[in-house]
Structures are given as C-alpha cells and as structure tokens.
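A quick write-up on the structure given underneath.
Letters A, B, ... are given to chains in the order of the sequence lines, protein chains preceding strands, and every chain is numbered from 1.
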Amino acid sequence: MISDQIAASIKSALAAADLPLPDRGIEVIAAKNRDHGDWQTNVAMALAKAVGARPSEIAQRIINALELSPPPHVERVEIAGPGFLNFFLSPTWLHDVLVEVVAAGENFGHGEMYAGTRINLEFVSANPTGPLHAGGGRWVAVGDAIANLLAAQGAEVHREYYLNDAGTQLQVFAASLYCRYSGEELPTDGYQGEYLIEMASRMRAELGNDVSIEQALDWGYADVVRQLRDDLARIGVHFDTWFSERLLHERGDVAEVLAKLTKDGHTFDKDGALWLGSEALGDQRDRVLVRNDGATTYLANDLAYHRDKLRRGFDHLIDIWGADHHGQVKSLQVGMGALGYGSPTEPEPEILLGQLVKLQRGGELVRLSKRAGDVITLSDILDEVDPDVARLTFLLQGIDSAQTFDLDVVTAQSIENPVYYVQYAHARVASIGRKAAAAGINRKELARVDLSLLTHERELDLLRSLAEYPEILSRAAELRAPHRVSTWVRDFASRLHGFYRDCRVIGEDEALTHARLWLTEACRIGLADALGLLGVSAPDRMERTDEMREPDGGDL
RNA sequence: GCGCUCGUAGCUCAACGGAUAGAGCAUCUGAUUACGGAUCAGAAGGUUGGGGGUUCGAUUCCCUCCGAGCGCACCA
C-alpha cells in the first residue's frame with residue numbers, strides 16, 4: 001500500500017534528519033479534505049514535545065530529508081495547519097490501486113492479521129425453548145459478519161451454537177408444552193407463547209394421545225432445535241458446531257472443573273453451597289458454583305464449556321452476548337483465569353456485549369418476551385422481508401448502541417432502504433458489462449489499457465475509496481465492528497452512482513471505454529466483497545415491483 | 001446504592017486523539033433525447049446532554065452532574 005511506502009520514507013527521513021520515532025509510530029492517514037492532499041501525517045506535531053521544537057520547524061526538517069528518498073507518486077509535500085505534513089500525489093498512485101484490486105480479485109482488501117489463528121466464535125445461543133425472536137436476528141447477522149471479517153484476515157473461524165439443554169429452563173419449557181398438550185393450566189412461571197399451542201398439536205399428530213412429560217421434553221427440544229436451524233438457514237447462517245450442554249455433565253467435565261478449582265484453592269463452602277472466590281480475583285462478588293441442593297450453576301457449567309472449547313485447540317474464544325448478560329462477563333473470565341486460561345489483559349473468552357434491539361411497529365415499541373407470549377420471531381420478519389434487508393438493517397450500526405428496528409420501515413421495501421441503494425449500484429455495474437458485451441466490446445488485457453485516462457474526479461474518488469478498503473476491513477476485524485463495512489459500502493455505492501451519472505463508460509473514445517470498463521470491474525470486486533462479508537447478496541439485476549414504480553398507486 | 005453501555009442535525013445513525021463533526025430519511029430547490037431515475041446536484045439543519053480537567057489539538061481520554069437502557073440470585 002502507498003501509505004506504507006510513505007510511512008517508510010518518513011521513517012528513513014526521520015533517521016536522516018536525526019529525529020526520533022514518535023511513541024505511537026508513524027501514522028499516515030487518508031486526508032478527508034482534498035485541500036489537504038491525499039495523505040497526511042501528524043509526526044511533526046507528535047514529536048514537538050520530545051524534540052523541543054515547533055511542529056512547523058520539525059516538519060520542514062522532515063521535508064528536506066524526504067528529498068533524499070521521496071516516496072513514489074508524490075508531487076509535493078506541504079506543511080499546513082498546526083503542523084500536518086500533507087502529501088499531494090499524482091493520480092498515478094490511484095491507477096496502481098486499480099491494478100492491485102484486479103490482481104487480488106476476490107481477495108482484494110483481505111489481510112493476514114489473524115493468519116494461523118483458530119478462533120471459536122459463539123453467537124446467538126438462545127435457550128432452546130422457542131423460536132428465535134426478532135431481536136436475536138441482530139446477533140445472527142453480527143456474528144456471521146464478524147466471522148467473515150476474521151476469516152478475511154486469515155483466521156480459521158469456527159461458528160458455534162451452545163444449546164443450553166440441561167438446565168431448568170428446558171424443564172419449564174417441557175412442562176409448558178405438556179400443559180398445552182394436555183389442556184392443563186400453564187405453570188405460573190411457564191412459557192405463555194402461542195407457538196406452544198401449535199407445537200402441541202403437531203406433537204399430538206406425531207406421537208398420539210399418550211405422551212408423557214419426558215417424551216414432551218425430548219420431542220419439544222428436538223423440534224425447537226429444528227426450528228432454530230431452519231430459521232438460521234433462511235437467513236443463510238450456518239454453524240459448524242451445535243454444542244450440547246448435556247455432554248459436559250455426562251462426560252464429567254463440570255465435576256473436573258470444580259475439582260481443579262477446589263484443588264487450587266479458589267473455592268470455599270458457605271451455607272451448604274460451593275462458592276468461587278471470584279471477588280479476590282477481581283469480580284464484583286463471590287459466585288456460587290454448586291447450589292446447596294447439589295445442582296451446578298450456570299457459571300460452573302459455562303466454565304466447563306469454555307474450557308472444552310480451548311481444549312478443542314482454539315487459540316482464541318469470542319462470545320457475543322446480549323447486554324442483559326453483562327453481569328456474568330467478569331465471573332466467567334475470572335473463573336477461566338483461575339483455571340489457567342487467558343490473562344488479565346487478554347482474558348478468555350473475549351466477550352462482545354451487544355445492546356438489545358427494540359422493535360417498533362406503528363410508531364410504538366413492541367415488547368418482546370418469550371414467556372409473556374407477545375413474540376415477534378425472526379421467522380416473522382423473514383416472512384415479510386428479504387434476508388438481505390434484515391441482515392444489512394441489523395448491521396447498519398455499532399453493537400454498543402441500542403437499536404430500534406422499525407418494522408414498518410423495514411418491511412415497507414421502500415426506496416429509502418439502503419440495501420437496494422447498494423445492491424442497485426452493483427446491478428448497474430453488471431448492467432454496463434452486459435451492455436458492453438452486447439456491443440461486442442470485451443475488456444482488453446489490463447496491461448494494455450491506458451489507465452492514465454482516468455482523471456475525472458468521480459473516477460479518482462472511486463479509486464480512493466478502494467484504496468481505503470483494506471484499512472476499513474482490518475479495522476473492522478480488529479474492533480469486531482462490521483458496521484464499519486456497512487458504512488463504507490454505502491458511501492462507495494454513493495460514489496459509484498455519482499460516477500455513473502457523470503461519466504459514461506461505453507462511449508466514442510475506445511481507449512477511455514476500456515479504462516472505464518476496468519474501473520467498473522474493480523468497483524464490482526470491491527462492492528461484491530464488502531456485501532459478501534456482510535452476508536448480503538450482490539445481484540446482477542434487480543426486479544422492480546409495481547409497488548415501487550407507483551408508490552402512490554398513481555397514474556403512470 | 002453499586003456496576004456496565006449509551007447520550008451527536010427534526011428522526012435513524014457515523015466519525016484510528018487531528019484541520020471546517022459526516023451520511024441516510026424527512027423539508028426546500030434543481031437535473032434525464034445515452035450504459036436501469038431504486039439515480040444525481042444544491043440548500044437548510046449542530047453549544048457533539050451540562051460543567052470541569054489532561055494537551056499543540058477532545059465527539060473521542062479522565063472527573064463530576066443530569067438523562068436513558070441493562071445488570072447487581074444458591075435463574076439461565
């Protein structure tokens with residue numbers, strides 16, 4: 001990348017000018033404002049204090065030294081503002097970007113940050129007591145996108161779903177299902193959801209009129225898991241492992257963990273229960289591991305579960321949890337630390353907390369509760385909107401802010417939907433390709449195309465976006481923030497529409513036509529890759545519905 | 001009370017400690033004899049919740065206050 005080359009030049013310039021390296025290294029970033037050139041660095045300001053000189057003076061010394069080993073493509077360097085060094089490059093650097101994109105193809109922008117790392121990513125993991133609710137769709141979309149981002153940085157990513165099938169919730173669920181089946185009154189803490197009525201009638205159809213509560217549990221559990229898989233398949237997410245909590249108990253893993261913690265002096269007995277001395281390890285308080293009735297707690301089971309993941313050979317564990325579970329983060333990490341995994345600065349597992357989704361319909365918030373019964377499921381949403389729409393909508397914003405999912409807006413399939421805006425950009429590029437082919441124009445070998453003809457500001461804007469793409473991806477992976485890709489792709493699509501408007505690709509000038517055909521190909525690569533990482537399709541054509549053509553049902 | 005996450009344009013949201021805080025929607029004004037108008041251009045819209053601090057420089061880091069959501073079980 002050109003920014004690396006500039007940084008390298010600055011580094012040798014600093015040495016030549018007898019200046020130290022800034023503590024934070026040399027930061028070369030893309031200028032936001034065209035007046036500030038193409039790339040800028042703050043090294044002169046960063047060094048001001050250590051060197052004891054004014055930023056402008058240091059900047060001048062760097063410029064002088066740079067002349068010994070100037071970075072490629074640089075036309076001039078200016079000192080501006082409080083001491084920035086602004087690099088103005090010839091457009092040729094952007095033509096090189098085009099070549100890089102085409103050469104890398106579908107790997108363009110991908111990196112090696114996590115090469116050789118095996119990462120286990122656990123997400124969704126809702127209790128198997130009912131269908132996935134709509135809000136859970138956020139974790140489906142976010143988890144899958146993060147997995148893609150990590151994989152694009154070279155990681156071997158394993159998607160995992162934890163089935164909490166040994167706890168009391170499943171008992172309550174089975175009892176609720178049984179009551180729906182037998183007509184008895186639901187337990188007060190039972191699941192009120194109407195989906196159980198439907199399930200009960202199917203259970204009767206399949207198993208007859210003489211079902212025991214144990215059978216209800218087995219059948220209901222299997223049925224729910226099947227529903228979960230189906231819903232996830234509808235939105236295109238595949239898990240590598242569905243892990244059963246029962247296995248941890250049957251195999252004695254939980255007992256092993258408890259024995260180890262006790263042997264190492266991390267536990268104590270109180271009130272007939274076994275406690276983890278977690279407060280001493282940095283938790284808010286101590287936590288119960290074994291209740292006084294002998295049952296192990298969620299924490300004990302979860303410790304065994306995460307230990308198992310690491311024993312399966314993963315280098316790193318990531319869990320995505322809803323923010324309503326944030327109280328458990330510290331105890332799990334501290335407990336894993338006591339078992340000898342992770343470190344205080346890099347605990348295992350790494351836990352990503354996502355704020356919850358509020359559903360809105362008709363301008364009012366819809367309350368979601370699996371138990372209370374007023375459930376809008378992910379499946380309901382997918383009945384109304386395309387999976388692409390659902391996915392991108394969930395990926396539009398960062399996970400640490402609460403999301404309001406407006407069902408009216410999303411299901412309207414309206415023109416304002418960013419999904420169509422971005423996909424349309426891709427369809428347009430494909431359309432140009434079809435048009436060119438129909439006219440008998442095929443792209444010449446890239447090496448024989450004169451890219452220096454690409455000088456229009458619209459063209460350069462597209463290439464600048466592509467130049468930033470690798471950095472966008474690595475930051476998004478590092479921060480586990482797929483919404484950065486969403487933001488990029490919307491902006492990129494916008495630039496592509498602007499280009500389309502102002503620059504005709506297939507025209508009289510044959511050389512320019514070929515240059516622009518390659519430019520659109522590079523754009524297609526970038527768009528398709530970004531959408532792919534987000535789990536959104538990149539269609540070659542799009543159907544326009546009648547509803548869209550006549551939004552008011554008006555006369556055309 | 002304690003803890004976690006937030007508070008940015010009318011609305012929904014962006015912004016590696018960097019220069020004039022950006023998009024979309026909504027509002028207003030324009031653009032098409034050509035590659036798909038699900039498009040483009042422009043205008044208007046802000047004390048980044050309030051107040052301190054750190055520094056060359058703060059939406060970003062620290063403190064405090066206000067407000068919101070969520071936690072604080074021998075439930076998961």
Side-chain angles (χ1 to χ4, degrees), chain A residues 24 27 29 31-33 35-36 40 42 44-46 48-49 54-55 80-84 86 127 129 164 166-170 172 189 245 270-275 284-285 287-299 301-302 322-330 353-356 358 396-404 406 409 413-425 427-436 438-439 471 475 478-479 483-484 486-487 490-491 494 496-507 513 516 520 541-542 544-545 548-549 551:
Chain A
R24 298 224 301 274
E27 297 174 356
I29 63 175
K32 272 191 268 180
N33 189 328
D35 295 340
H36 300 150
Q40 61 183 41
N42 61 353
M45 290 179 288
K49 192 163 219 173
R54 287 200 316 277
F84 288 102
N86 292 339
N127 278 338
T129 56
N164 222 212
T168 54
Q169 291 305 316
L170 202 60
V172 174
D189 62 344
E245 181 192 346
K270 193 176 97 180
D271 304 332
L274 181 73
W275 294 68
Q284 292 272 117
R285 53 191 283 280
R287 311 277 173 177
V288 172
L289 290 169
V290 184
R291 294 191 259 152
N292 59 15
D293 66 0
T296 54
T297 62
Y298 183 85
L299 173 61
N301 305 334
D302 223 20
D324 52 339
H325 290 89
H326 81 253
Q328 302 158 230
V329 172
K330 200 72 180 173
L353 287 176
Q355 298 298 312
L356 302 182
K358 295 177 212 163
L396 242 27
Q397 56 192 268
I399 63 168
D400 47 10
S401 67
Q403 179 172 40
T404 303
D406 191 325
V409 170
Q413 301 228 19
S414 63
I415 295 166
E416 68 216 39
N417 199 313
V419 180
Y420 302 121
Y421 183 83
V422 175
Q423 290 185 325
Y424 184 48
R428 268 188 155 168
V429 170
S431 171
I432 291 172
R434 285 193 297 272
K435 196 85 178 180
E471 178 74 14
R475 281 299 284 177
E478 200 176 357
L479 299 173
H483 77 277
R484 286 174 175 254
S486 314
T487 304
R490 289 166 83 183
D491 177 70
S494 163
L496 198 47
H497 286 310
F499 160 78
Y500 178 88
R501 172 74 188 189
D502 290 349
C503 303
R504 191 179 164 75
V505 175
I506 302 165
T513 295
R516 285 182 170 169
T520 55
R541 11 176 135 241
M542 295 175 70
R544 208 193 295 199
T545 66
M548 279 185 163
R549 212 172 286 133

Practice item. Give a yes/no verdict on base stacking between A19(B) and Phe84(A): centres under 5.5 Å, planes within less than 30° of parallel. Key: yes

Review point. Base, backbone or nothing for each nucleotide of nucleotides 3-10 of chain B, written B, S, -, heavy atoms under 4.0 angstrom, 5' to 3'?
Key: BBSS----

Check your understanding: Whole-Å distance between A26(B) P and Asp406(A) CG?
Key -> 14 Å

**Study point:** Contacts of type side-chain contact (heavy atoms from CB on, under 4.5 Å), residue Asn42(A), not counting sequence neighbours
**Key:** Glu27(A), Met45(A), Phe84(A)

Check your understanding: Counting any heavy atom closer than 4.0 Å, what does Arg54(A) reach on the DNA or RNA strands: base, sugar-phosphate only, or nothing?
Key -> nothing

Check your understanding: U59(B) and G51(B): how far apart are their P atoms, nearest whole angstrom?
Key -> 12 Å

**Study point:** Residues in side chain to side chain donor-acceptor pair (under 3.5 Å) contact with Ser486(A), at least two apart in sequence or another chain
**Key:** none

Check your understanding: Residues two or more places apart in sequence or in another chain: which of them pass side chain to side chain donor-acceptor pair (under 3.5 Å) with Asp491(A)?
Key -> Arg495(A)

Practice item. Figure out the CG/C1' separation between Asn86(A) and G18(B), and round it to whole Å. Key: 11 Å

Check your understanding: Any donor-acceptor pair under 3.5 Å between the side chain of Asn42(A) and the base of G18(B)?
Key -> yes

**Study point:** Pair of N/O donor and acceptor under 3.5 Å linking A19(B) base with Gln40(A) side chain
**Key:** yes

Check your understanding: Looking only at side-chain N and O atoms, does Tyr421(A) come under 4.0 Å of OP1 or OP2 in A23(B)?
Key -> no

Close N or O pairs between protein and nucleotides 53-62 of chain B (under 3.5 Å):
none

Practice item. Quote, to the nearest angstrom, the C1' distance that separates U54(B) from C63(B). Key: 11 Å

Study note, to complete from the structure: In whole angstroms, the gap separating P of C70(B) from CG of Asp324(A) amounts to 9 Å

Exercise for review: Mind checking Glu27(A) for me? I need base, sugar-phosphate or nothing, with any heavy atom below 4.0 Å counting as a touch.
Suggested key: base

Check your understanding: Which whole-number value in Å describes the distance from Arg490(A) CZ to U12(B) P?
Key -> 14 Å

Review point. Taking NZ from Lys358(A) and P from G69(B), how many angstroms apart are they, rounded to a whole number?
Key: 8 Å

**Study point:** Side chain Asn292(A) and base C74(B) donor-acceptor under 3.5 Å
**Key:** yes

Exercise for review: Please state the C1' separation for the pair U32(B) and U39(B) - nearest whole angstrom.
Suggested key: 10 Å

Review point. Which whole number of Å gives the distance between the C1' atom of U5(B) and that of G45(B)?
Key: 29 Å

Revision key, fill the gap. Atom CD1 of Ile432(A) and atom C1' of U39(B) are separated, to the nearest Å, by 12 Å

Point to revise | OP1 or OP2 of G37(B) under 4.0 Å from side-chain N/O of Arg428(A) | key: yes

Exercise for review: Using a heavy-atom cut-off of under 4.0 Å over every strand shown, decide if Gly83(A) touches base, sugar-phosphate, or nothing.
Suggested key: nothing

**Study point:** Value in whole Å for how far the P atom of A73(B) lies from CG of Asn301(A)
**Key:** 19 Å

Point to revise | Separation of the C1' atoms in U47(B) and G52(B), to the nearest angstrom | key: 16 Å

Practice item. Would you kindly compare Ala323(A) and Thr297(A) by the position of their nearest RNA chain B nucleotide and give the one closer to the 5′ end? Key: Ala323(A)

**Study point:** Secondary-structure stems, RNA chain B, at least 3 Watson-Crick or G-U base pairs under 3.5 Å
**Key:** B:1-7 with B:66-72, B:10-13 with B:22-25, B:27-31 with B:39-43, B:49-53 with B:61-65

Review point. Reckon Arg285(A) has a side-chain N or O less than 4.0 Å from the OP1 or OP2 of C2(B)?
Key: no

Review point. Say you pick atom P in A73(B) and the same atom in G3(B); how far apart are they, in whole Å?
Key: 16 Å

Study note, to complete from the structure: Rounded to whole Å, the CZ-P distance (Arg501(A) to C40(B)) equals 10 Å

Exercise for review: Using the P atoms only, state how far A9(B) lies from A21(B), rounded to an integer number of Å.
Suggested key: 14 Å

Exercise for review: Compare the ring of His36(A) with the six-membered ring in the base of A19(B) and state whether they stack (centres under 5.5 Å, planes under 30°).
Suggested key: yes

